[in-house]
Protein chains: 2
Amino acid sequence: MSEERKISMAVIRRLPRYYRYLGELIDNDISRISSRELSERMKVTASQIRQDLNNFGGFGQQGYGYNVEYLHAEIGKILGLDKTHKMIIVGAGNLGQALANYQSFEKRGFKLIGIFDVNPRLIGMTIRGIEVYDIDVMEKFVKEQEVDIAMLTMPKENVRETANNLAEWGIKGLWNFSPVDLYLPKHVQVENVHLSHGLMTLAYKIKDQSLTENEED
Amino acid sequence: MSEERKISMAVIRRLPRYYRYLGELIDNDISRISSRELSERMKVTASQIRQDLNNFGGFGQQGYGYNVEYLHAEIGKILGLDKTHKMIIVGAGNLGQALANYQSFEKRGFKLIGIFDVNPRLIGMTIRGIEVYDIDVMEKFVKEQEVDIAMLTMPKENVRETANNLAEWGIKGLWNFSPVDLYLPKHVQVENVHLSHGLMTLAYKIKDQSLTENEED
DNA sequence: CCCTTTCTGTCAATCTTTTAACACTATCAT
DNA sequence: ATGATAGTGTTAAAAGATTGACAGAAAGGG
């Protein structure tokens, strides 16, 4: 009965990049684009773009290409950016504060409504008008406000427990910045960040490049 | 003449995770582990672990498994963590400051030696003993200190120009946090972060989950 | 010292992802 | 109108990644 679903994560993870490029095209008043031209800008194959988009239906038109504004909006819908997501930050340290200051999340429908910490020196503070609350009131807050997403920017020692609690209180997604892998019931989606992994990968690439450097063609 | 190189990025990007798990095993005084047991902890297949490690040579022993400390050290070497990398941060805003406070980079051989900004109010400040310098002196600094890696945490307007300059001044790697894709000569390695992509992917997963939820199996 | 068990390295099979090819449709200039 | 060009959706082929299977080496117990 269910229609052909099951889109691979590889595809999904490319959508935000398409979305970003299309946003830039809109800013530059470009209203139509072909897969070929987009592929040149993005340094991917045109085939991949067409293949990816076709997972969700025919957005383009032969002989014309894609309407930029329409495609941008459609990808936004696929990603769920047409809905508002209520977010909180757990851990008002440096990273938490940095993320609280990101303006651009708001534009995509991600609305920060509270920040929580254990540190009495931070509680009561406000960041961009958002208050830092005592973590003791988080349960009540999450349940009453029906928070959708929590950004976890706290010490790794407490992350697992906090994540489990949030899951129980009905949170739908966790954006986890601590170096711990979280395994939660499947009604809670998790996206782990692991900043340090990127840095290590970079170190590898640097080493590898310097080894390859003086190799013949 | 060159030996069997060409290891896929898919493999490389898993190494930091192995490295982290092995580090935790060391902390727990576990000195040997089999691919099967590690696979259970990491929720991957044992076959994948063996296949991945074998790209770099035989680290294990039949009937025994892997020596945790040795394997940890070897993966560290593969990633280039046995070398010290001199780093700078360009952009002393919230994110720059947050990253400057990350203690754990130091442990992996990443040594922050300077922070740069245009804002006179920030210049002269120090973060964890690291000074914030005027961006005008960056060229001299990068050349004299032979900086390896720059973390780019600045407004996207100036990123491309800064990246090109740094490339010219001999930097080896860029860890780019701005929502811009950088294309540079191949002696400069780039690792883009795009935090917002993760958040959008999370939004997709939440939406997808709520759709799938009440499907019969 | 020998037998059983464990567990690797590796080869082969399967599954997934990417790229190429092309039939066919809309556009656009004349 | 019409022919040439542009450009999609889609199918098929190629490339890449993951998993399974197993021969045989080392470990460990009696």
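None of these values were measured; they are calculated from a predicted model. Lettering of chains follows the sequences in order, A, B, ..., and the numbering in each one begins at 1.
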Notebook entry, point to check: Can you check whether B:K205 reaches A:I12 side chain to side chain, under 4.5 Å on heavy atoms?
Noted result: no
Notebook entry, point to check: Less than 4.5 Å apart, any side-chain heavy atom of A:V190 and any of A:W175?
Noted result: no
Checklist line | Minimum side-chain heavy-atom gap B:I88-B:F141 below 4.5 Å | finding: yes
Next item on the list: Please state how far atom CD in A:E37 lies from atom C1' in D:dT8, giving the value in whole angstrom units.
Entry: 16 Å
Notebook entry, point to check: Could you state the CD-P distance from B:Q48 to D:dG16, rounded to the nearest angstrom?
Noted result: 17 Å
Margin query: I want to verify a distance call: between D:dT10, C:dC7, D:dA27, whose nearest atom is closest to the B:Y64 side chain?
Written below: D:dA27
Next item on the list: Calculate the interatomic distance between A:L53 atom CG and D:dG9 atom C1'; express it in whole Å.
Entry: 11 Å
Check: Heavy atoms, side chains only, cut-off 4.5 Å: are A:L202 and B:Q189 in contact?
Finding: yes
Checklist line | For atom CG of B:N54 and atom P of D:dT19, their distance in whole Å | finding: 16 Å
Check: Hey, are the side chains of B:V118 and B:M154 touching, using non-hydrogen atoms and a 4.5 Å cut-off?
Finding: no
Side-chain polar contacts of residues 62-79 of chain B - donor-acceptor pairs under 3.5 angstrom, sequence neighbours left out - could you list them?
unit_1 : atom_1 : unit_2 : atom_2 : d
B:N67  : OD1    : B:E69  : N      : 3.1
B:N67  : OD1    : B:Y70  : N      : 2.9
B:E74  : OE2    : B:K77  : NZ     : 3.1

Checklist line | Distance, rounded to the nearest Å, where B:F59 contributes CZ and C:dG9 contributes P | finding: 9 Å
Checklist line | Pairwise side-chain contact, B:R50 with B:F59, heavy-atom cut-off 4.5 Å (strictly under) | finding: no
Notebook entry, point to check: In whole angstroms, how far is the P atom of C:dG9 from the CG atom of B:D52?
Noted result: 12 Å
Please write out each protein N/O paired with an N/O of nucleotides 20-24 of chain D under 3.5 Å, distance rounded to 0.1 Å.
unit_1 : atom_1 : unit_2 : atom_2 : d
D:dG20 : N7     : B:S47  : OG     : 2.8
D:dG20 : O6     : B:S47  : OG     : 3.3
D:dA21 : N6     : B:R50  : NH2    : 3.3
D:dG24 : N2     : B:Q62  : NE2    : 2.9

Next item on the list: Kindly point out which of C:dG9, D:dG7, C:dA26 is positioned nearest to the side chain of A:Q61?
Entry: C:dA26
Notebook entry, point to check: Hey, does the side chain of B:S35 come within less than 4.0 Å of C:dT8's phosphate (OP1/OP2), counting only N and O?
Noted result: yes
Check: Could you give the CD1-to-P distance, from B:I7 to D:dA17, as a whole number of Å?
Finding: 12 Å
Check: Side-chain N or O of B:R32 less than 4.0 angstrom from OP1 or OP2 on D:dG28?
Finding: yes
Check: Considering only heavy atoms, which members of residues 11-19 of chain B lie under 4.0 Å from some atom of DNA chain C?
Finding: none
Checklist line | Short side-chain N/O contact from B:Y66 to OP1 or OP2 of C:dG9, under 4.0 Å | finding: yes
Notebook entry, point to check: Does the ring centre of B:F110 sit less than 6.0 Å away from the ring centre of B:Y102?
Noted result: no
Next item on the list: Send over the distance from A:I49 CD1 to D:dT10 C1', rounded to a whole Å.
Entry: 17 Å
Note to self: Under a 3.5 Å cutoff, is there a donor and acceptor pairing between the side chains of B:D181 and A:Y21?
What the structure shows: yes
